[in-house]
Amino acid sequence: MFQHVEAYPGDPILSLNEAFGKDPRPNKINLSIGIYFDDAGKIPMLPSVRAAEHKVVADAGARPYLPMEGAANFRTAVQHLLFGADNAAVKAGRVVTIQSVGSSGGLKVGGDFIKRYFPESTMLVSDPTWDNHRAVFEGCGLTVKTYPYYDAATGGLRFDAMLEALKGAEKKSIVLLHACCHNPTGVDLTKAQWQQLVPVLKERELIAFLDLAYQGYGDGIEEDAYAVRLLADEGLSFFVANSFSKSMSLYGERCGALSVVCPDAAQAVNVLGQMKATIRRNYSNPPLHGGQLVARVLTDPELRPMWEAEVVAMRDRIQLMRRKLHDVLSAKLPGRDFSYFLTQHGMFSYTGLTAEQCDRLKEEFGVYLVRSGRMCVAGLNTGNVEATASAIAAVLG
């Protein structure tokens with residue numbers, strides 16, 4: 001019956017992670033998958049989340065289905081985290097939020113909604129972007145094209161080219177934007193650049209779709225929500241998907257959300273209703289446990305500051321690894337400019353390595369990077385950063 005079904009080639013990142021697991025070399029280094037590891041190379045269990053889980057379990061009762069849109073306390077906590085509790089759009093009822101199965105689930109629900117209500121719109125994504133962005137939105141039936149973003153020559157942003165491309169985009173195009181900690185490059189827009197982008201979005205009637213998977217890993221929890229709050233304050237209607245996988249180390253719980261900022265409260269009611277219909281046709285309703293951990297951490301007066309301090313510690317460790325990698329590489333290859341490791345933000349960095357150089361890193365040194373040259377900086381630690389730098393210097397030299 002299934003002879004016509006072709007083999008799945010595998011996800012490039014997850015497949016590389018599987019190959020790493022099978023590698024018998026004791027000193028192998030995994031810088032491929034987007035997971036935060038502590039300095040011991042372990043996925044941390046955050047004390048704030050552990051404490052929240054004790055409280056949630058102690059209070060647990062029956063486990064009914066959640067509403068299609070998710071738990072009310074989770075959804076409110078997400079809105080306050082992203083927009084601020086006193087945000088005018090939130091107070092006016094213009095923001096609707098659904099609890100999704102990870103931020104990937106939020107992207108999928110948003111993509112299905114867009115395909116139904118903006119069927120002729122094209123999805124524009126940055127060049128490059130996270131591989132799964134294209135897969136998710138093409139899976140929704142959308143046409144996906146790119147706009148200029150990464151400057152390989154400088155390790156920075158092609159902002160002028162990006163603006164020109166968006167100025168020429170068809171009206172009602174959907175523009176996927178990374179709110180902070182761009183995946184895979186680590187190159188972000190500045191506040192001034194976000195402000196320059198707003199008039200273009202308005203003039204061309206473009207619909208922004210923000211992806212915020214790393215809030216707190218860039219400049220801070222509040223600072224990393226800058227783009228979300230700016231677009232809301234400017235009166236734009238837009239989507240934003242966010243995740244707690246990284247910021248709360250809740251990868252397997254699949255805790256995410258999708259929020260939509262609407263022109264008025266009446267339209268918001270209809271948008272929420274149709275997103276609920278989209279969810280019902282997909283997975284019916286989200287899981288219970290992980291979302292309650294998030295809601296407890298975000299609203300508990302003791303746990304919230306504890307969590308915020310933990311996010312600072314994770315961000316500081318990533319930045320320390322960036323500096324260490326930069327310093328060792330600069331010493332080994334004087335004359336080469338590695339300053340992009342210091343200016344890029346978040347978990348990821350575009351190293352500038354070619355696919356062949358990445359293959360050589362894996363085969364000769366046991367250092368695993370995605371063949372695009374993307375490095376998960378959070379996979380570095382004090383025990384492997386010098387070996388990583390030495391291996392990179394060897395393939396660059």
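Interatomic distance, Met248 CE to Cys255 SG, rounded to the nearest 0.5 Å: 8.5 Å. Between the OG atom of Ser237 and the CG atom of Leu206 there is a distance of 12.5 Å, given to the nearest 0.5 Å. Going from atom OG1 of Thr190 over to atom CZ of Phe159 covers 7.0 Å, rounded to the nearest 0.5 Å. Note that the CG atom of Asp359 and the CG atom of Leu353 stand 11.0 Å from one another [nearest 0.5 Å]. With rounding to the nearest 0.5 Å, the separation of CG in Leu166 from CG in Leu201 is 7.0 Å. Glu223 CD to Ile221 CD1: the interatomic distance, rounded to the nearest 0.5 Å, is 9.0 Å.
Here the shortest heavy-atom pairing between Val49 and Leu250 reads CG1-CD2, 3.8 Å. The two residues Ser100 and Gly105 have their closest heavy-atom pair at CB-C, 3.8 Å. Minimum interatomic distance between Glu310 and Ser48 (heavy atoms only, all atoms of both residues): OE1-OG, 2.6 Å. Of all heavy-atom pairs between Pro128 and Pro184, the closest is CG-CG, 3.8 Å. The minimum heavy-atom distance between Gly346 and Ile318, with the atom names listed, is O-CG2, 3.3 Å. In terms of heavy-atom proximity, Ser259 sits nearest to Leu82 at OG-CD1, 4.1 Å.
In this structure, a donor-acceptor pair under 3.5 Å is present between the side chains of Gln267 and Asp264. If you check the side chains of Gln215 and Ser247, you find no donor sitting under 3.5 Å from an acceptor. Between the side chains of Tyr214 and Asn183, at least one donor N or O lies within less than 3.5 Å of an accepting N or O. Side chains of Thr129 and His178: a donor on one and an acceptor on the other come within 3.5 Å.
Not a single donor-acceptor pair under 3.5 Å links the side chain of Thr185 to the backbone N or O of Tyr350. In this structure, Ser121 contributes its side chain and Lys172 its backbone to a donor-acceptor pair below 3.5 Å. At least one donor-acceptor pair under 3.5 Å links the side chain of Asp224 to the backbone N or O of Asp219. With Arg158 contributing its side chain and Tyr150 its backbone, the two residues share no donor-acceptor pair below 3.5 Å. Checking side-chain atoms of Asp188 against main-chain N and O of His182 turns up a donor-acceptor pair under 3.5 Å. With hydrogens and angles ignored, the 3.5 Å screen pairs no side-chain donor or acceptor of Arg75 with any backbone N or O of Ile98. Arg374 places a side-chain N or O within donor-acceptor distance of the main-chain N or O of Ser32, the cut-off being under 3.5 Å. Arg134 contributes a side-chain N or O that, together with a main-chain N or O of Val144, makes up a donor-acceptor pair within less than 3.5 Å.
In the hydrophobic cluster analysis, where Ile, Leu, Val, Met, Phe, Trp and Tyr join through side-chain heavy atoms closer than 4.5 angstrom, Leu396 is grouped together with Phe341. In terms of hydrophobic clustering, with Ile, Leu, Val, Met, Phe, Trp and Tyr side chains grouped at heavy-atom distances under 4.5 Å, Val312 and Leu212 are assigned to different clusters. Taking hydrophobic clusters as Ile, Leu, Val, Met, Phe, Trp and Tyr residues chained together by side-chain heavy-atom distances below 4.5 Å, Leu342 does not share a cluster with Val377. Under the 4.5 Å side-chain heavy-atom criterion for grouping Ile, Leu, Val, Met, Phe, Trp and Tyr, Ile43 is connected to Leu31 within one hydrophobic cluster. In the hydrophobic clustering of this structure, Leu197 groups with Leu236; members are Ile, Leu, Val, Met, Phe, Trp, Tyr whose side-chain heavy atoms approach within less than 4.5 Å, directly or through other members.
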Contacts table for residues 66-73: side-chain donor-acceptor under 3.5 angstrom, sequence neighbours left out:
from	atom 1	to	atom 2	distance (Å)
Asn73	OD1	Gln292	NE2	3.0
Asn73	ND2	Gln292	OE1	2.9

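By the neighbour-count criterion of 12 heavy atoms within 6.0 Å, atom NZ of Lys202 is densely surrounded, having more than that number from other residues, nucleotides or ligands. Counting non-hydrogen atoms of neighbouring residues, nucleotides and ligands closer than 6.0 angstrom, the CD atom of Glu363 exceeds 12 such neighbours. Within 6.0 Å of atom CD in Gln196, more than 12 heavy atoms from other residues, nucleotides or ligands are found, so the atom counts as buried in its surroundings. At most 12 heavy atoms of other shown residues, nucleotides or ligands fall within 6.0 angstrom of atom CD in Glu170. Within a 6.0 Å sphere centred on NZ of Lys332, heavy atoms belonging to other residues, nucleotides or ligands number 12 at most.
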- [ ] Could you check Phe74 against Phe244 for side chain to side chain contact (heavy atoms under 4.5 Å, CB included), going step by step and ending with a plain yes or no?
- [x] CA-CA 12 Å; Phe74 173 90; Phe244 296 95; 4.0 Å; yes
TODO: Kindly indicate, with the supporting measurements, whether the criterion side chain to side chain contact (heavy atoms under 4.5 Å, CB included) is fulfilled by His133 and Met123.
DONE: CA-CA 10 Å; His133 280 148; Met123 171 67 72; over 6 Å; no
TODO: Go through the steps to decide whether Leu298 and Arg304 satisfy the test side chain to side chain contact (heavy atoms under 4.5 Å, CB included), and finish with yes or no.
DONE: CA-CA 5 Å; Leu298 291 180; Arg304 177 65 179 260; 4.0 Å; yes
TODO: List the steps, then state whether side chain to side chain contact (heavy atoms under 4.5 Å, CB included) holds for Leu107 with Trp130.
DONE: CA-CA 12 Å; Leu107 296 173; Trp130 180 46; 3.9 Å; yes
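Using cut-offs of 30° and 60° on the angle between ring planes, the pair Tyr340 and Phe338 is tilted.
Partner Val187 forms a side chain to side chain contact (heavy atoms under 4.5 Å, CB included) with one of Leu157, Thr343, Thr154 and no other, that one being Leu157. Results of the side chain to side chain contact (heavy atoms under 4.5 Å, CB included) test with Val95 over Val260, Leu272, Val261, Val240 single out Val261 as the only residue that passes.
Within the 4.5 Å cutoff, the side chain of Leu380 has no heavy atoms near those of the Lys324 side chain.
Cation-pi geometry between Lys28 and Tyr368 is not satisfied (NZ or CZ under 6.0 Å from the ring centre, within 45° of the ring normal). Remark: Lys246 fails to qualify as a cation-pi partner of Tyr217 under the 6.0 Å distance and 45° angle criteria applied to the six-membered ring.
Between Asp112 and Lys108 there is a salt bridge, with a side-chain nitrogen of the basic residue lying less than 4.0 Å from a carboxylate oxygen of the acidic one. Between Arg317 and Asp39 there is a salt bridge, with a side-chain nitrogen of the basic residue lying less than 4.0 Å from a carboxylate oxygen of the acidic one.
Under the side-chain hydrogen bond (donor to acceptor under 3.5 Å, both in side chains) criterion, the residue pairs touching residues 52-65 are Glu53-His289, Lys55-Asp300, Asp59-Arg296, with sequence neighbours excluded.
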